[in-house]
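Accompanying notes for the structure given below.
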Number of protein chains: 2
Amino acid sequence: MENQDLRRVGLKVTLPRMKILEILEEAVQPHLSAEDIYRILLDSKEEIGLATIYRVLTQFETAGLVERHNFEGGQAVFEIDRGKHHDHLICVRCGKIVEFYDAEIEANQQKIADAEGFKITDHSLTIYGECSSESCKEGIK
Amino acid sequence: MENQDLRRVGLKVTLPRMKILEILEEAVQPHLSAEDIYRILLDSKEEIGLATIYRVLTQFETAGLVERHNFEGGQAVFEIDRGKHHDHLICVRCGKIVEFYDAEIEANQQKIADAEGFKITDHSLTIYGECSSESCKEGIK
DNA sequence: ATGTATGCAAAACATTTGCACCTGG
DNA sequence: CCAGGTGCAAATGTTTTGCATACAT
């Protein structure tokens with residue numbers, strides 16, 4: 001129950017926060033921009049200001065509930081943090097996003113950071129490419 | 001001689017372009033934002049508009065002369081492309097940037113993309129952490 | 001009640017664009 | 001000369017902020 005998640009991180013349980021958390025948890029495509037969330041809320045007749053969405057997402061990020069990704073293309077996207085670290089493969093044509101995890105890559109990153117005397121706080125690996133799905137090739141998107 | 005680089009990619013040799021290319025090639029810290037370049041030009045008494053810098057950098061990127069990186073923190077940074085691909089390790093405290101290359105990571109990325117049916121066009125790996133330099137620890141920056 | 005949260009509008013940024021003027025080949 | 005380049009100001013798109021009002025506890 002997400003109410004608990006909110007209380008646990010010290011945030012009051014309010015309607016905007018619950019709705020936004022719900023959308024992030026249930027989205028089919030879990031990588032959403034603030035604007036995406038705004039549109040989804042409008043579609044479900046919820047009147048929540050865009051400014052509130054940005055504020056809430058930033059609070060969620062600080063609280064560790066969501067991750068913010070700065071992929072190419074202007075808008076940041078947010079994704080619920082389910083505790084399983086992963087990186088992303090993004091199709092530059094259709095926008096499809098595939099998550100992946102590679103233990104060897106992770107290990108090598110650690111090795112490199114150690115060698116340079118860095119204590120890792122975060123890292124992001126994003127591979128851009130063209131996927132092979134039919135709909136993408138046809139440009140149907 | 002950078003005049004040749006410019007001609008080679010089909011750009012007229014103009015003062016702004018030469019100056020910007022020169023700055024990118026000679027900078028001690030080769031990862032510069034458009035604003036950084038603007039400031040450097042101002043310091044050397046060159047009156048070049050910020051809009052021109054953005055236009056020129058975008059042209060350079062298209063021509064393959066420079067790479068644009070979207071690290072965290074709003075501004076994109078540009079780096080001259082010397083043909084040697086590498087990734088970045090960035091200190092979140094003092095901003096220090098270390099470049100690295102790891103053949104195993106590269107190979108693993110290719111393996112993952114292949115497995116998902118993606119043809120890689122680009123990729124970016126950035127590790128954020130805290131470096132161990134004395135000046136950084138002391139917060140002198 | 002009271003400290004927080006929200007909504008709105010305005011501000012703040014980074015980046016792009018329109019347009020009149022200038023310049024390199 | 002003339003296509004292309006530049007400077008300036010204005011436009012854009014995203015994200016943040018100030019402030020008065022509304023809400024959770």
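Treat the numbers as computed from the prediction; the structure is a model and nothing was measured. Per chain, numbering begins at 1; letters A, B, ... match sequence-line order.
- Looking only at distances, a side-chain donor or acceptor of A:H86 sits under 3.5 Å from a matching main-chain atom of A:K84.
- Annotation: side chain of B:I112 is in contact with side chain of A:I105 (closest heavy-atom distance under 4.5 Å).
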- request: Quick one, give me the B/S/- string for nucleotides 19-25 of chain D, reading 5' to 3', where B means a protein heavy atom under 4.0 Å from the base and S means that only happens at the primed atoms, P, OP1 or OP2.
  value: -----BS
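- Residue pairs meeting the salt bridge (Lys or Arg N to Asp or Glu O under 4.0 Å) criterion with at least one member in residues 59-76 of chain A, sequence neighbours excluded: A:E61-A:R68.
- The distance between atom CE of B:M18 and atom P of D:dT6, rounded to the nearest whole Å, is 12 Å.
- Sorted by residue number, the list of members of residues 66-78 of chain B with any non-hydrogen atom under 4.0 Å from DNA chain D is empty.
- By the 4.5 Å heavy-atom criterion applied to side chains, A:I53 and A:L41 are counted as neighbours.
- Between B:E35 and A:P16, the one whose closest nucleotide on DNA chain C sits nearer the 5' end is A:P16.
- Every residue meeting the salt bridge (charged side-chain N to carboxylate O under 4.0 Å, His left out) condition with A:K111, not counting sequence neighbours, appears here in chain and number order: B:D102.
- Pairs engaging residues 10-20 of chain B under the side chain to side chain donor-acceptor pair (under 3.5 Å) rule: B:R17-B:Q59 [sequence neighbours left out].
- Contacts with DNA chain D (heavy atom under 4.0 Å) in residues 21-33 of chain A: none are found.
- At a cut-off of 3.5 Å, with distance as the only test, no side-chain donor of A:E99 or A:H85 sits close to an acceptor on the other residue.
- In the hydrophobic clustering of ILVMFWY residues, with side-chain heavy atoms under 4.5 Å counting as a link, B:Y128 and B:L89 come out apart.
- Side-chain atoms of A:Q110 and A:D114 form a donor-acceptor pair, as typed in the model, at a separation below 3.5 Å.
- Side-chain contact check for B:I23 versus B:L32: some heavy-atom pair is nearer than 4.5 Å.
- The ring pair (Phe, Tyr, Trp, His ring centres under 6.0 Å) contacts involving residues 94-119 of chain B comprise nothing, where partners must be two or more places apart or lie in separate chains.
- B:E116 pairs by the side chain to side chain donor-acceptor pair (under 3.5 Å) definition with nothing, not counting sequence neighbours.
- The two residues B:N70 and B:A76 make their nearest non-hydrogen contact at OD1-CB, 3.8 Å.
- Under the 3.5 Å distance criterion, the side-chain polar atoms of A:T52 are left unmatched by any main-chain donor or acceptor of A:I48.
- Residues satisfying the ring-ring contact (aromatic ring centres under 6.0 Å, His included) test with A:H31, not counting sequence neighbours, are A:H88.
- Residues of residues 37-54 of chain B that place a heavy atom closer than 4.0 Å to DNA chain D, in numerical order, are B:E47, B:I48, B:G49, B:A51, B:T52.
- Proximity of a side-chain donor or acceptor of B:R82 to a complementary backbone N or O of B:E25 within less than 3.5 Å is detected.
- The end-to-end axis angle of the helix from C:dA1-D:dT25 to C:dG25-D:dC1, rounded to 10 degrees and based on five pairs per end, is 30°.
- Side-chain atoms of A:S33 do not come within 3.5 Å of backbone N or O of A:Q75 as any donor-acceptor pair.
- A nucleotide of DNA chain C counts as in contact with chain B when one of its atoms lies under 4.0 Å from a heavy atom; the first and last such, 5' to 3', are C:dA14 to C:dG25.
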